[in-house]
Amino acid sequence: MTQTRRGRFESDRVHVGILSLDYRQTKARALFKGRSGHTTQHLLTLLVGLDSVRAGAKPTSSLPASWNPVSQEDAAARARVFALSTALVWTVESVVSYVKDLTRAIPATLDTSLIAKIRNEKDKETKLVLLVKHLSIQEADALTLVRAGYVWRNRLTHYDSTNQVSADVKTQLEGSPQSMKDGYQGLDAAQLLERIEQGETPRLKETAAII
């Protein structure tokens, strides 16, 4: 896999044992793209709609439920938090499923020893790291953000979660602030780390960067 200027991974042909695999053609990748390929666009559409709610938009008569918040501005703000958190969780879960699907492919697209290692590992982030190392992908900014997203997902979905960003991920984020700003439209890596550690909701720039 190679990485584009904006940090997205593009699939190349990878040789595993006697197999020559094009990851653009795997069923696992097709499923992943189907689940998460338009997440950013969906999120932005929701936020545009919430801006209208905040400005006083009323529901149509076809809405099959009662909706009459005391403050539309407050309701829009709370829904924005929900949308950002949900988009981040959805993205991370899609990556988790992608790794799982690769280990379950028939015929196998990975060698059996790697499949066994990934399946035997309980930690989801470690599963991803095992796959990445096997494919000789460097610890690029995009991968670092995804790994940070794994921790943030746990913080958002488990109220008592205390898991921390891995030391190597933290070092990568803190060591390349300009790279993050240049590649992700001004993303502040230090603030991202701080918000994860404090269990705060991701902002739009942070959610979009991880997506």
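Note that the structure is a prediction, hence the values are computed from the model and not measured.
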(message) With a 4.5 Å cut-off on side-chain heavy-atom distances among I, L, V, M, F, W and Y, is there a chain of contacts connecting V169 to I211?
(response) no

(request) Calculate, to the nearest 0.5 Å, the distance between atoms OG1 and OH belonging to T91 and Y150 respectively. (result) 11.0 Å

(request) Using a 4.5 Å cut-off on heavy atoms from C-beta on, say whether the side chain of K127 contacts that of D123. (result) no

(message) Show the nearest heavy-atom pair for residues L46 and A83, with the distance to one decimal.
(response) CD1-CB, 4.4 Å

(request) Flag the pair L128 / L143 as yes when at least one side-chain heavy-atom distance between them is below 4.5 Å, and no otherwise. (result) yes

(request) State which residue, out of L114, I118, L110, fulfils the side chain to side chain contact (heavy atoms under 4.5 Å, CB included) condition with L102. (result) L110

(request) Following the transitive rule for hydrophobic clusters with a side-chain heavy-atom cut-off under 4.5 Å over Ile, Leu, Val, Met, Phe, Trp and Tyr, establish whether V146 and V92 coincide in one cluster. (result) yes

(request) Flag the pair Y98 / L31 as yes when at least one side-chain heavy-atom distance between them is below 4.5 Å, and no otherwise. (result) no

(message) Side chains of K124 and E93, heavy atoms from C-beta outward: is any pair under 4.5 Å?
(response) yes

(request) Find out whether F32 and V99 are in side-chain contact, i.e. whether some heavy atom of one side chain is under 4.5 Å from a heavy atom of the other. (result) no

(message) To check you understand the geometry: which heavy-atom pair defines the closest contact between L50 and A79, and what is its length?
(response) CD2-CB, 3.6 Å

(request) Keeping the roles fixed (side chain from R80, backbone from L47), state whether a donor-acceptor pair exists under 3.5 Å. (result) no

(request) For residues L156 and E200, report the shortest heavy-atom separation together with the two atoms involved. (result) CD2-O, 4.3 Å

(request) Kindly indicate whether the side chain of I210, heavy atoms from C-beta on, has any atom under 4.5 Å from the side chain of W152. (result) yes

(request) Assess whether atom CD of Q198 is packed by more than 12 heavy atoms of other residues, nucleotides or ligands within 6.0 Å. (result) yes

(request) Compute whether any side-chain donor of one residue and acceptor of the other, for D111 and H134, lie under 3.5 angstrom apart. (result) yes

(message) With rounding to the nearest 0.5 angstrom, report the CG to CG distance, L204 to L43.
(response) 6.0 Å

(request) Would you mind telling me which of L193, D168, D141, L187 makes a side chain to side chain contact (heavy atoms under 4.5 Å, CB included) with L173? (result) L193

(request) Please check if atom NE2 in H158 has more than 12 non-hydrogen atoms from other residues, nucleotides or ligands closer than 6.0 Å. (result) yes

(message) For R54, is there an ion pair with E73 - N to carboxylate O distance below 4.0 angstrom?
(response) no

(request) Could you grab the distance from atom CG of N163 to atom CZ of R155, nearest 0.5 Å is fine? (result) 5.5 Å

(request) Over all heavy atoms of both residues, which pair between T86 and F82 is shortest? Give the atoms and the distance, please. (result) OG1-O, 2.7 Å

(message) If you define the side chain from C-beta out and look only at heavy atoms, does anything of L192 sit under 4.5 Å from L145?
(response) yes

(request) State whether a side-chain donor-acceptor pair under 3.5 Å links R147 with Q172. (result) no

(request) First locate atom OG of S36, then atom NE2 of H42, and finally report the distance between them rounded to the nearest 0.5 Å. (result) 9.5 Å

(message) Could you check whether any side-chain N or O of E125 sits under 3.5 Å from a backbone N or O of V151, counting only pairs where one atom can act as donor and the other as acceptor?
(response) no

(message) Checking K205 against Y184 for the side-chain contact (heavy atoms from CB on, under 4.5 Å) test, could you report, in this order, the C-alpha distance in whole Å, the side-chain angles of both residues, the deciding distance, and whether it holds?
(response) CA-CA 8 Å; K205 190 180 296 293; Y184 297 93; 6.0 Å; no

(message) Assess the residue pair R195 and R203 against the criterion (side-chain contact (heavy atoms from CB on, under 4.5 Å)); give the C-alpha distance rounded to whole Å, side-chain angles, the decisive distance to 0.1 Å, and a yes or no.
(response) CA-CA 9 Å; R195 293 180 72 81; R203 294 170 293 194; 3.5 Å; yes

(message) To check you understand the geometry: which heavy-atom pair defines the closest contact between S85 and T201, and what is its length?
(response) OG-CG2, 3.3 Å

(request) Would you mind telling me which of K33, R35, K27 makes a salt bridge (charged side-chain N to carboxylate O under 4.0 Å, His left out) with D101? (result) R35

(message) Could you measure the distance from the CG atom of D188 to the CE atom of M180? Nearest 0.5 Å is fine.
(response) 11.0 Å

(request) Answer yes if the side chains of Q164 and K170 hold a donor-acceptor pair under 3.5 Å, and no otherwise. (result) no

(request) Establish whether V96 and L131 are linked, either directly or via other cluster members, by ILVMFWY side-chain heavy-atom contacts under 4.5 Å. (result) yes

